[in-house]
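Scroll down for the structure; my scribbles are underneath it.
Computation of the quantities below employed the complete heavy-atom set of this structure, encompassing side-chain atoms and omitting hydrogens, waters and symmetry-equivalent molecules. Throughout, a chain's letter reflects where its sequence line sits, starting with A, and its residues are numbered from 1.
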2 protein chains.
Amino acid sequence: MMVSTTGRYALTVMADLARNAGEGFVSLADIAEREQLSMKYLESIISVLNKGGMLESLRGKNGGYKLARKPAEYTVNEILLLTEGTLAPVNCIMQDGVECEKAATCSTLPLWAGLDGVIENYLSNITLEDIITGNRKKMLGDYCNKCETE
Amino acid sequence: MMVSTTGRYALTVMADLARNAGEGFVSLADIAEREQLSMKYLESIISVLNKGGMLESLRGKNGGYKLARKPAEYTVNEILLLTEGTLAPVNCIMQDGVECEKAATCSTLPLWAGLDGVIENYLSNITLEDIITGNRKKMLGDYCNKCETE
DNA sequence: GTAAATCCTACCACTCAGGTAGGAATATGT
DNA sequence: ACATATTCCTACCTGAGTGGTAGGATTTAC
């Protein structure tokens, strides 16, 4: 599994905040209730999103979180990258400037690099806005059997 | 990480067998030596490939393995699928006909399904032959900065 | 001043990746 | 017949990471 529960929940939280924007701050308790997820666990996830500058937060009564930008200005790629650390499909791809010692002669490396590129390209092209408006054509593309008839 | 060492080594072994085809059976000791990998560990991996019908094997002296088909007739997707079990980027995608209970209302599911489709499409289009001939244009596509000048 | 909320630190059970170890079965060449 | 080279099979082990839980300190609104 390339994207763990952490990344999936992070996206769910961001989508929930996007859907419920414009009404001041949204409490984590409300999000957990709506999405039917453990609030305690979401706490640790939203902390990462907050420290990463994706949210604004307010402590105390009537406090909570809200998006720092408009939904269309968040790509799925950056949200997942922040919470997952990396989205590389294999651990032999160059990270932080360090590459595998066999890189120069490895015949399979171009495959992994190409796969990494395909994934990043897909995730960078989809925004939070696409998620909450249910842009199936953009998300599912050729694999969507409903997109043609709609 | 979506593809573990097992899947990567499996592909490496298949590529090694493809490169050294036509000379009867190739022993695992030779493969491990050439690829600089633990023979004992490769043993468990090649066993899966063999049982999956991808190889022919011969026990005893001068025994070893060879490809059951031509390199161009193996897609990377089927090799990885066999050794990894699944290539789904998240564990909330339908597997074995069972889908997540929130599937009907989940706004992020189309994203994961789309990502899964993009990955499968890429990996199904690349064969073992592409790997051993170093078809960079096919593997790296738009992400290849050398492909244009070559 | 109290209730509601974020923030922070620590802990924990379970699974899986990435191997290692040792030997049994089988085929070849002499 | 026998030694050797090989696949095949079962069992085990260690460390890291996933997916949480627990408890309290701090801050803010009413």
Side-chain angles (χ1 to χ4, degrees), chain A residues 1-13 17 20 23-33 35-66 68 80 83-92, chain B residues 1-13 17 23-33 35-66 68 80 83-92 100:
Chain A
M1 232 55 60
M2 187 181 53
V3 179
S4 69
T5 321
T6 302
R8 282 192 291 121
Y9 286 3
L11 194 58
T12 298
V13 165
L17 283 171
N20 299 281
E23 305 160 13
F25 290 88
V26 178
S27 81
L28 196 50
D30 287 352
I31 298 175
E33 168 66 22
E35 308 296 338
Q36 285 293 293
L37 298 172
S38 152
M39 175 174 156
K40 269 298 188 184
Y41 188 34
L42 288 189
E43 217 176 275
S44 60
I45 294 170
I46 208 165
S47 163
V48 176
L49 292 169
N50 194 23
K51 286 179 182 169
M54 300 221 158
L55 305 175
E56 285 175 30
S57 69
L58 181 67
R59 297 171 76 163
K61 198 167 185 178
N62 292 338
Y65 302 90
K66 65 177 172 184
L80 294 179
T83 49
E84 294 285 330
T86 174
L87 290 176
V90 290
N91 64 9
C92 63
Chain B
M1 233 54 60
M2 188 179 57
V3 179
S4 68
T5 320
T6 303
R8 281 191 292 121
Y9 287 3
L11 194 58
T12 298
V13 165
L17 283 171
E23 304 161 16
F25 291 88
V26 179
S27 81
L28 196 49
D30 287 352
I31 299 175
E33 168 65 22
E35 308 296 337
Q36 285 294 293
L37 298 172
S38 152
M39 175 177 157
K40 268 299 189 184
Y41 188 33
L42 288 190
E43 215 175 275
S44 60
I45 294 170
I46 208 166
S47 165
V48 176
L49 293 170
N50 194 23
K51 287 180 182 168
M54 300 222 158
L55 304 175
E56 286 175 30
S57 69
L58 180 68
R59 296 169 77 163
K61 197 164 184 178
N62 291 339
Y65 302 92
K66 64 177 171 184
L80 295 179
T83 48
E84 294 285 329
T86 174
L87 290 176
V90 290
N91 65 6
C92 65
C100 173

Within the pair [X] and [N], is there a side-chain N or O less than 4.0 Å away from OP1 or OP2?
X	N	value
T5(A)	dG19(D)	yes
K66(B)	dT7(D)	no
N50(B)	dC8(D)	yes
Y65(B)	dC8(D)	yes

Given DNA chain D, 5'-ward residue of the pair K51(B) and K61(B), judged by closest heavy atom
K61(B)
Do K40(A) side-chain and dG19(D) base share a donor-acceptor contact under 3.5 Å?
no
Report yes if a donor N or O on one partner sits less than 3.5 Å from an acceptor N or O on the other, where the partners are the side chain of R59(A) and the base of dT26(D); otherwise report no.
yes
Can you measure I45(B) atom CD1 to dC9(D) atom P for me and round it to whole angstrom units?
17 Å
What is the distance from CE of M39(A) to C1' of dG23(D), rounded to the nearest Å?
13 Å
Pairs counted only when both distances fall under 3.5 Å, Watson-Crick or G-U: show me the 5' to 3' dot-bracket for DNA chain C, [ ] for pseudoknotted crossings and | for other-strand partners.
||||||||||||||||||||||||||||||
Could you give all pairs that pass the salt bridge (charged side-chain N to carboxylate O under 4.0 Å, His left out) test and reach residues 41-60 of chain B, with sequence neighbours left out?
K40(B)-E43(B)
Assign L28(A) to base, sugar-phosphate, or nothing according to its heavy-atom contacts below 4.0 angstrom with the strands shown.
sugar-phosphate
Check every strand shown and say whether L58(A) touches a base, only sugar-phosphate, or nothing at a heavy-atom separation below 4.0 Å.
sugar-phosphate
Chain B reaches DNA chain C, atoms under 4.0 Å from its heavy atoms, from dG18(C) to dG29(C)
Output the single nucleotide from dA29(D), dT21(D), dG19(D) whose closest atom is nearest the side chain of S38(A).
dT21(D)
